[in-house]
Amino acid sequence: MLGGGTGGTLVANRLRRRWPTRDVEIVVVDEDDQHVYQPGLLVVPFGLARPDEIVRPRGQQLHPGIDYRVDPIDHVDLAERRVVLGGGAVDYDVLVVATGAVLQPEETPGLIAEGWMERVFTFYSLPGASALAGRLATFEEGRLAVNVVDLPIKCPVAPLEFCFLADWYLTERGVRDRVELVYVTPLDGAFTKPTASQHLGELLERKGVQLVTEFNTGEVDGRGGRLIGYDGREVDFDLGVVVPLHGGSDYVGRSPGLGDELNFVPTDEHTLQSKAAPEVFVIGDAANLPASKAGSVTHFEGEVLVENVGRFLDGEPLDASYDGHANCFIETGFGKALLIDFNYDTEPVGGHFPGAVGVPLLKESRLNHLGKLMFQWFYWHALLPGRDIPGLGSDMPTSGKELRLAPGDGPRDVDGGTAGSDHPDHQEASP
Ligand SMILES: Cc1cc2nc3c(=O)[nH]c(=O)nc-3n(C[C@H](O)[C@H](O)[C@H](O)COP(=O)(O)OP(=O)(O)OC[C@H]3O[C@@H](n4cnc5c(N)ncnc54)[C@H](O)[C@@H]3O)c2cc1C
């Protein structure tokens, strides 16, 4: 198992529960022993979690009988079925690639130059989220620009959630009317999926967040406070929050035949078998699938992947049932959240999840916000240990959903959706 993050941990634990140690030896390799609950990075900048509250030792998340090694992966030798580490090597019969996506801020000129971690931050890393918390706490006035440099990124809704929470946080601090919030994206709308994009675009507008679309950041001037687009457009800021480019882990590029030009691993979208070799499977952000890079996707993939490792070892045909299921709570501030649920074929729709009785889809509600808060407990105590969560299977559930919903016909949020100038949420509870 390459990587001891979300996917590597849950798959190793599921495999360990399935086979006794005398039959199958499981080795997990990661370069460090700090497992970060990444959705928690969103709330650290707003003082809603301390950095140490979202980190646990990786080795302790793995069941007994799993050999955990802290060592950087140097490369994979597909022909020899061997992984070469910084200090040794591991031979395999089956390899699971779970090394996720890495941040590449160095790929954008100027981003990590003058002003980095002073005027320009990212909340996508633990040091970045912690440093940003310090800066936001004293930010009194000016322009706060949130910028996604390019896709793919982990959790594509997280930068929007950051805008919604910033609106709440600055309102609570009594300085919202002195801060201009702007969301700068390479997309032609707030999000990729048309129905969700329309809903999220309306929410940005209602909360007074400017939307700048089709902006491809070519350079960041941290000292001068400018995002500079490839097309010559510029967006000024006093405080910049940038989500850097993402790629697969570097060792993929040093492993002939394993990855693509971005170091993601070409993978069958339904069986999760790699296209590099039949004994190599891929889970989570490391895969080049047309699914979101999200923990929920990684979780849903886990069931099919573990089944297929078993089928592969038994010489049986693989299960091709992974449908691209993704499920995301979107924090919208003031104690509310939206839930979206979709797969390769169906974009986010209205209705309820997981069935006719459940939490509302595509509607702001307090229940969704509580769901997001509770998720951290599920993550450590059910998802990582590899337990089945009732009602949360890998296939996208269809009951209770408005599957015929056309873009533009979606339900309005509970506040009416188009409220005017001031904050309709202002009087409400905090997250
Ligand atoms: C700010 C933020 C908010 C998010 N919010 C949500 C959310 O609300 N909902 C949701 O579903 N998802 C969310 N996500 C995404 C989610 O955290 C990831 O999609 C998920 O963790 C992917 O799991 P993974 O196993 O593929 O990768 P990871 O969990 O990132 O694990 C990859 C592991 O590989 C290791 N590794 C990489 N390269 C090497 C190497 N060369 N040698 C050794 N080890 C290596 C890394 O150290 C790491 O431990 C969020 C992510 C971020 C950044």
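Counting starts at 1 for both ligands and their atoms, in listed order. Heads up: numbering here begins at 1 and tracks the sequence.
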Could Glu307 and Arg18 be called an ion pair, given the rule that one side-chain N must be under 4.0 Å from one carboxylate O?
-> yes

What is the closest protein heavy atom to atom 31 (O) of ligand 1, and at what distance does it sit?
-> Gly5 CA, 3.4 Å

Taking only heavy atoms of Tyr251, which atoms of ligand 1 are found under 4.0 Å from at least one of them?
-> 41 (N)

Geometric class of the Trp380/Tyr37 ring pair [parallel <30°, tilted 30-60°, perpendicular >60°] = tilted

For atom 5 (N) of ligand 1, which candidate among Ala101, Cys155, Gly8, Gly40 provides the closest heavy atom?
-> Cys155

If we number the atoms of ligand 1 from 1 as shown, the ones under 4.0 Å from a heavy atom of Pro72 are 42 (N)

Nearest non-hydrogen protein atom, atom 36 (N) of ligand 1 | Thr99 CG2, 3.7 Å

Identity and separation of the nearest protein heavy atom to atom 27 (O) of ligand 1 | Gly100 CA, 3.5 Å

Quick one: look up the protein heavy atom nearest atom 42 (N) of ligand 1 and list residue, atom name and how far away it is.
-> Ile73 N, 2.9 Å

Nearest heavy atom to atom 35 (C) of ligand 1: which of Asp30, Leu10, Val36 does it belong to?
-> Asp30

Relative to ligand 1, is Thr6 under 4.0 angstrom through side chain, backbone, both or neither, heavy atoms considered?
-> both

Around atom 24 (P) of ligand 1, find the nearest protein heavy atom and jot down its residue, atom name and distance.
-> Gly7 N, 4.0 Å

Where do Asn147 and Thr217 land on the side chain to side chain donor-acceptor pair (under 3.5 Å) test, with the steps shown first?
-> CA-CA 8 Å; Asn147 173 227; Thr217 308; 2.9 Å; yes

Please check if any side-chain donor atom of Thr271 sits under 3.5 Å from a side-chain acceptor atom of Tyr322, or the reverse.
-> no

Under-4.0 Å salt bridge between Asp221 and Arg226 | yes

Have Glu364 and Thr332 got a donor and an acceptor in their side chains that come within less than 3.5 Å?
-> yes

Heavy-atom contacts under 4.0 Å between Ser249 and ligand 1: side chain, backbone, both, or neither?
-> side chain

In short, ring pair (Phe, Tyr, Trp, His ring centres under 6.0 Å) pairs touching residues 43-76 with sequence neighbours left out are Phe46-Phe162, Phe46-Tyr169

Of Glu31, Gln34, Glu161, Gln38, the residue with the heavy atom nearest atom 44 (N) of ligand 1 is Glu31

Assess Lys372 for proximity to ligand 1: is some non-hydrogen atom of it under 4.0 Å away?
-> yes

Using the six-membered ring of Phe264, assess whether NZ or CZ of Lys293 lies under 6.0 Å from its centre and within 45 degrees of the ring axis.
-> yes

Nearest to atom 22 (C) of ligand 1, what protein heavy atom do you find, and at what distance?
-> Asp285 OD2, 3.2 Å

Could a heavy atom of Ala98 be found less than 4.0 Å from some atom of ligand 1?
-> yes

Taking only heavy atoms of Arg58, which atoms of ligand 1 are found under 4.0 Å from at least one of them?
-> 47 (O), 48 (C), 49 (O)

Is there at least one pair of N or O atoms, one from Tyr379 and one from ligand 1, spaced under 3.5 Å apart?
-> no

Ligand-side contact atoms (ligand 1) for residue partner Gly284, heavy atom cut-off under 4.0 Å = 26 (O)

By side chain to side chain donor-acceptor pair (under 3.5 Å) - contacts of Lys193 (at least two apart) | none

Look at Asp52 together with Arg50 and state whether they make a salt bridge at an N to O cut-off of under 4.0 Å.
-> yes

Measuring from Tyr183:OH to Leu204:CG, what's the distance to the nearest 0.5 Å?
-> 8.0 Å

Distance-only polar pair, side chains of Asp319 and Asn308, donor-acceptor under 3.5 Å = no

Atom 10 (C) of ligand 1: which protein heavy atom is closest, and how many Å away?
-> Gly295 N, 3.3 Å

